[in-house]
Amino acid sequence: MATIDTRLQTVKGRIAKACAQAGRDVQSVTLLAVSKTQDAQAVREAAERGQADFGENYVQEALDKIAALAPLRARLRWHLIGPLQSNKTRLVAEAFDWVHTVDRLKIAQRLAEQRPPQLAPLQVCLQVNVSGEASKSGVAPAELPALAHAVAALPRLQLRGLMAIPEPAHDPAAQRAPHRLLATLLAELRAQGLALDTLSMGMSADLEAAVAEGATIVRVGTALFGERSRAAPG
Ligand SMILES: *Cc1c(COP(=O)(O)O)cnc(C)c1O
């Protein structure tokens with residue numbers, strides 16, 4: 001079985017190659033290691049090899065890992081990439097650095113109220129539904145501008161950009177289409193005066209397509225940690 005070290009090098013190599021093909025600086029893409037269902041030891045091993053950004057889907061599981069790895073807290077960045085219910089916003093506002101899955105103003109307002117003032121602003125992406133009927137989460141593209149302007153005006157949050165989880169597709173053109181849509185939506189918001197710099201898109205199977213369309217954060221789980229050993233809860 002490949003070690004985390006080998007897998008990190010392999011994934012970084014894929015990102016570097018995709019950047020080279022797109023004429024992009026490799027520094028413009030951040031690798032977010034998706035550690036859902038992995039134990040704290042797996043995160044520690046990746047962190048020891050220089051990985052700083054970790055993505056989690058389930059709030060309680062993440063809080064347990066953040067606590068277990070408290071001595072590393074200052075050099076890690078924890079990103080929530082799973083659905084966020086309003087009864088969990090306080091825990092998230094207190095413990096995470098980033099939230100990628102804001103798709104309602106009410107959730108953003110709660111995060112803004114609950115973000116402790118002594119912490120840096122919570123970094124926020126709006127999750128956009130780029131797959132139409134096929135997906136239940138994410139704001140519809142038509143409703144995105146109003147939500148983005150409202151979230152950008154909230155205190156203690158910094159709206160950074162957009163996130164999407166497209167329907168899986170196999171051929172490269174089909175993989176690129178939803179990523180291109182997300183990039184277009186970001187460009188439109190920037191043209192409206194919002195200072196946004198982040199496109200969170202691309203996973204183990206389609207990170208090349210996402211980088212080709214401008215991803216600045218790719219969220220990679222399986223290619224780094226192997227197949228997840230247990231089914232995702234909830
Ligand atoms: C699990 C997950 C990923 C990582 O998926 P892999 O296919 O394992 O790379 C990325 N983003 C989100 C939102 C996820 O839930």
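Counting starts at 1 for both ligands and their atoms, in listed order. Heavy atoms only: backbone and side chains are in, while hydrogens, waters and symmetry mates are out.
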- prompt: Hey, what's the ring geometry for W78 with F54, parallel, tilted or perpendicular (30° and 60° as the breaks)?
  reply: tilted

message: Students should be able to answer this: which protein heavy-atom is nearest to atom 10 (C) of ligand 1, and at what distance?
response: M203 SD, 3.1 Å

H100 contact mode with ligand 1 (heavy-atom cut-off under 4.0 Å): neither

query: Any Lys/Arg nitrogen of E45 or R49 sitting under 4.0 Å from an Asp/Glu carboxylate oxygen of the other?
result: no

- request: Check whether L199 and I81 end up in the same hydrophobic cluster, where Ile, Leu, Val, Met, Phe, Trp and Tyr are linked by side-chain heavy atoms less than 4.5 Å apart.
  value: no

message: Hydrophobic clustering (ILVMFWY, side-chain heavy atoms < 4.5 Å, transitive) - are L111 and V59 grouped together?
response: yes

query: Nearest protein heavy atom to atom 9 (O) of ligand 1, by residue and atom, and its distance?
result: S204 OG, 2.5 Å

- line: In ligand 1, the atoms that come under 4.0 Å of a heavy atom of I81 are 11 (N), 12 (C), 13 (C), 14 (C)

query: For atom 8 (O) of ligand 1, which of L207, T222, V220 has the closest heavy atom?
result: T222

task: Indicate, with yes or no, if L63 and L80 share a hydrophobic cluster defined by side-chain heavy-atom contacts under 4.5 Å among Ile, Leu, Val, Met, Phe, Trp and Tyr.
output: yes

field: Numbered atoms and elements of ligand 1 in range of R219, under 4.0 angstrom, heavy atoms
entry: 4 (C), 9 (O), 10 (C), 11 (N), 12 (C), 13 (C)

task: Say whether G221, considering both its backbone and side-chain N or O atoms, lies within less than 3.5 Å of an N or O atom on ligand 1.
output: yes

